[in-house]
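See structure below.
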Amino acid sequence: MPPRPNISPEPETSRCPPGYGSPSASAARNPPSGTPSPRGIPSRQGQLPPLGTAEVHACQSNRTSSKGYAMPTLGIIGSGNIGSAVARLAVAAGMNVVIANSRGPETLSELVADLGPLAQAGTVEDAAKSGDAVVLSIPLNAVRNLPDGLLAGKIVLDTSNYYPSRDGHIAELDDSTVTTSELVQSRLPGAQYVKAFNNILAHHIPLLARPAGSADRSALPIASDDDSAKAEAAALIDALGYDVVDAGTVAESWRFEPDSAGYTRLYLADASTPDDQLMTSAPGTTPKEKVESALASATRVNVAERLF
């Protein structure tokens, strides 16, 4: 990918959090590429396409590295457990974050304050427009309620799963006509769709993240029909603290859907953990080889018989 162009944005400190007009503050917030973040995850400027210039996020476009390069922005639609966990990794890796939910930016003040000055609350439209890539982390049935064309042309990392107990029964999923990923992709025309972050418990996401090259680094599977989007998603996930396993196309993503061999239990320190203790379970290092083996051994789940 070509290097990110040098930029010299005009200061707009009145629209930005305190300290954004200070070069020393900028250098402290946005270390040069490869500099460890507070969580030990190196900043990876230049991995994503150039930062958008949406007027509503003029502050976002002024967030630059100490070498004058625009920092990538990750849009996150959905502020639940998975969306919030990914947001924490993103700001730790030195990325800007615009996060949104269905209830409005004013409901995200506490989360954004906790995430720090690299994070900003916005509307769903803001997150989509500002993000160089967008994490979509909303219930399956909510996807159809997104504005038409919202994510067209965007790299979208979709975390959704089908839970009949929550979503009701969906015939084409129950009879395995399509995977959940295929269904969501069909509802996002024009998006550069990637399935990711759907097979790991939310509280395990920050606990297992490690810098590149760490002996105890874990891996996540991704699936997409778009090789370019898959490469971009892999670079993003690497920057967030995980190795990546290519799980094939969206039609093959059933290998890491609920109840499959590639789903959440893969990341448990104790595989015998009872179901009612999963939300407080300890994670265990899950390297690429273990994920690859699980995907290879997976058999397709009879979705209609699932209990949750």
Side-chain angles (χ1 to χ4, degrees), residues 1-13 15-17 19-20 25-26 29-33 37 41-79 82-101 105 108 111-137 150-159 191-192 194 196-197 229 232-241:
M1 181 172 294
R4 196 177 295 278
N6 194 288
I7 60 173
S8 300
E10 291 296 322
E12 296 191 39
T13 54
R15 299 183 64 178
C16 300
Y20 267 90
S26 176
R29 284 189 317 276
N30 302 320
S33 181
S37 72
I41 302 171
S43 176
R44 293 291 299 275
Q45 294 102 15
Q47 290 290 354
L48 297 177
L51 183 66
T53 57
E55 183 178 353
V56 291
H57 291 300
C59 174
Q60 208 76 20
S61 67
N62 286 336
R63 296 179 179 184
T64 60
S65 73
S66 60
K67 292 190 176 182
Y69 293 103
M71 297 290 287
T73 295
L74 184 63
I76 300 178
I77 299 176
S79 60
I82 296 287
S84 297
V86 174
R88 293 182 193 284
L89 292 189
V91 297
M95 298 178 193
N96 300 307
V97 168
V98 178
I99 190 165
N101 63 19
L108 294 170
L111 174 61
V112 168
D114 189 41
L115 290 171
L118 288 179
Q120 181 175 343
T123 64
V124 168
E125 290 81 2
D126 293 337
K129 189 172 184 179
S130 298
D132 296 308
V134 178
V135 172
L136 182 63
S137 190
L150 177 74
L151 297 171
K154 291 288 184 176
I155 295 171
V156 176
L157 282 69
D158 168 41
T159 78
Q192 294 176 267
V194 182
F197 286 109
E232 293 285 357
L236 171 62
I237 293 169
D238 176 54
L240 295 178

Of all residues at least two apart in sequence or in a different chain, which pass the side-chain contact (heavy atoms from CB on, under 4.5 Å) check with [X]?
X: Ala85; value: Ile205, Pro206
X: Thr159; value: Ile82, Val135, Ser137, Phe197
X: Ala100; value: Val124, Ala127

Locate the shortest heavy-atom distance separating [X] from [Y]; write the atom from each residue and the value.
X: Lys154; Y: Lys129; value: NZ-O, 3.3 Å
X: Ala196; Y: Ile237; value: CB-CD1, 4.1 Å
X: Gly153; Y: Gln192; value: O-OE1, 3.3 Å
X: Ala121; Y: Pro105; value: CB-O, 3.7 Å
X: Leu151; Y: Val134; value: CD2-CG1, 4.0 Å

For the atom pair [atom1] ([X]) and [atom2] ([Y]), what is the distance rounded to the nearest 0.5 Å?
X: Leu74; Y: Ile155; atom1: CG; atom2: CD1; answer: 11.0 Å
X: Ile99; Y: Leu111; atom1: CD1; atom2: CG; answer: 5.0 Å
X: Asp132; Y: Met95; atom1: CG; atom2: CE; answer: 9.5 Å

Open item on the list: Going by the rule side-chain hydrogen bond (donor to acceptor under 3.5 Å, both in side chains), which residues pair with Ser84 if we only count those two or more places apart in sequence or in a different chain?
Closed with: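 So Ser84 forms no side-chain hydrogen bond (donor to acceptor under 3.5 Å, both in side chains) with any residue.
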Task: Identified side chain to side chain contact (heavy atoms under 4.5 Å, CB included) partner of Leu136 from the options Ile77, Val194, Ile76 - done: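 So, applying the side chain to side chain contact (heavy atoms under 4.5 Å, CB included) to Leu136 and each of Ile77, Val194, Ile76, only Ile77 qualifies.
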Open item on the list: With salt bridge (charged side-chain N to carboxylate O under 4.0 Å, His left out) as the rule and sequence neighbours excluded, what pairs involving residues 113-125 come up?
Closed with: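 Non-adjacent pairs meeting salt bridge (charged side-chain N to carboxylate O under 4.0 Å, His left out): Arg88-Asp114.
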